[in-house]
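A short write-up of the structure that comes next.
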Amino acid sequence: MNLNKEFWDQRYVSNDTGWDASNITTPIKDYFDQLDDKDKNLRVLVPGCGNAHEAEYVFRSGFKNVFVADISAFPLENFKKRVPEFPAEQLLHVDFFLLKDSFDIIIEQTFFCALDPKLRPEYAAKMAELLKPGGRLVGVLFNDTLNNDKPPFGGTKEEYISYFRPYFEIKYFETCTNSIPPRAGRELFIYLIKK
């Protein structure tokens, strides 16, 4: 399966966005809610942002250096209509693997599970490349088998840790206690710090 720009454009055109929770999910909301005001200047990236509910919440909570990236222009256009005050230069229409920049925090929310599983080692390496020293990768991963032939692709905690361990200190990598009901018991909250 070729999970390219055309594939994702078609998913948005046909409104085939079953992964969209229509709001920020609780684990990510709770993480950002506990950060201090001094953290509001940090550079935050939401890659494979989709409709970017996480970015909207974080931006409206006072984080002004929020960047969203997607290979498809459709969700970026939708986001701009929904959050017109969001800076246009922080909307990045780009393939994640070609992104060149550096960030303090990267949010993982249904991007990892949308990629071809063969790209998982490359994903972990790219996350480390994009994060500043001591930068944080936070978010959720599915701890479930899910699909083998189409997104969302699943996996296990043990598999995932093997990709991240070379680049990150594993601070927290456990089953979420505050998932939204459809994902309860099926998500891992991750909090990783770049080595």
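One-based numbering along the sequence shown.
Residues L76 and C49 have side chains in contact (heavy-atom distance under 4.5 Å, counting atoms from C-beta outward). Proximity of V68 to L92: side-chain heavy atoms (C-beta onward) are nowhere separated by under 4.5 Å. Contact of the R43 side chain with the D101 side chain is registered, since non-hydrogen atoms from C-beta on lie closer than 4.5 Å. P47 has its side chain out of reach of L99: every pair of non-hydrogen atoms, C-beta onward, lies at least 4.5 Å apart. With a 4.5 Å cut-off on side-chain heavy atoms, I107 and F32 count as touching. The closest side-chain heavy-atom distance from F86 to V66 is below 4.5 Å. Side-chain atoms of V58 and I105, non-hydrogen and from C-beta on, never get closer than 4.5 Å to each other. Side chains of V46 and Q109 form no contact here, defined as non-hydrogen atoms less than 4.5 Å apart.
A side-chain donor-acceptor contact under 3.5 Å links D95 to the backbone of F97. Judged by distance alone, with hydrogens and angles left aside, the side-chain atoms of N51 form no donor-acceptor pair with the main-chain N or O of H53 at under 3.5 Å. Under the 3.5 Å distance criterion, the side-chain polar atoms of E108 are matched with a main-chain donor or acceptor of T110. At least one donor-acceptor pair closer than 3.5 Å links the side chain of Y160 to the backbone N or O of G155. Side-chain N or O atoms of K194 include none that pairs as donor or acceptor with a backbone N or O of M127 at under 3.5 Å.
In summary, the aromatic rings of F96 and F111 are positioned with their centroids under 6.0 Å apart. Taking the centre of each ring, Y163 and Y123 stay at or above the 6.0 Å mark.
F59 carries K64 over the face of its six-membered ring, with the cationic atom under 6.0 Å from the centre and within 45° of the normal.
For the side chain to side chain contact (heavy atoms under 4.5 Å, CB included) with F168, the lone residue among L137, I161, I190 that qualifies is L137.
A salt bridge (charged side-chain N to carboxylate O under 4.0 Å, His left out) check over residues 45-57, counting only residues at least two apart or in different chains, returns the pairs E56-R60, E56-R82.
Qualifying salt bridge (Lys or Arg N to Asp or Glu O under 4.0 Å) partners for E174, counting only residues two or more places apart in sequence or in other chains: K157.
K80 has no carboxylate O lying under 4.0 Å from a charged side-chain N of E77, or vice versa, which leaves the two without a salt bridge.
Taking the six-membered ring where the residue is Trp, F164 and F173 present tilted rings, their angle falling between 30° and 60°.
Sparse packing is recorded around CG of N148, with 12 or fewer heavy atoms of other residues, nucleotides or ligands lying under 6.0 Å away.
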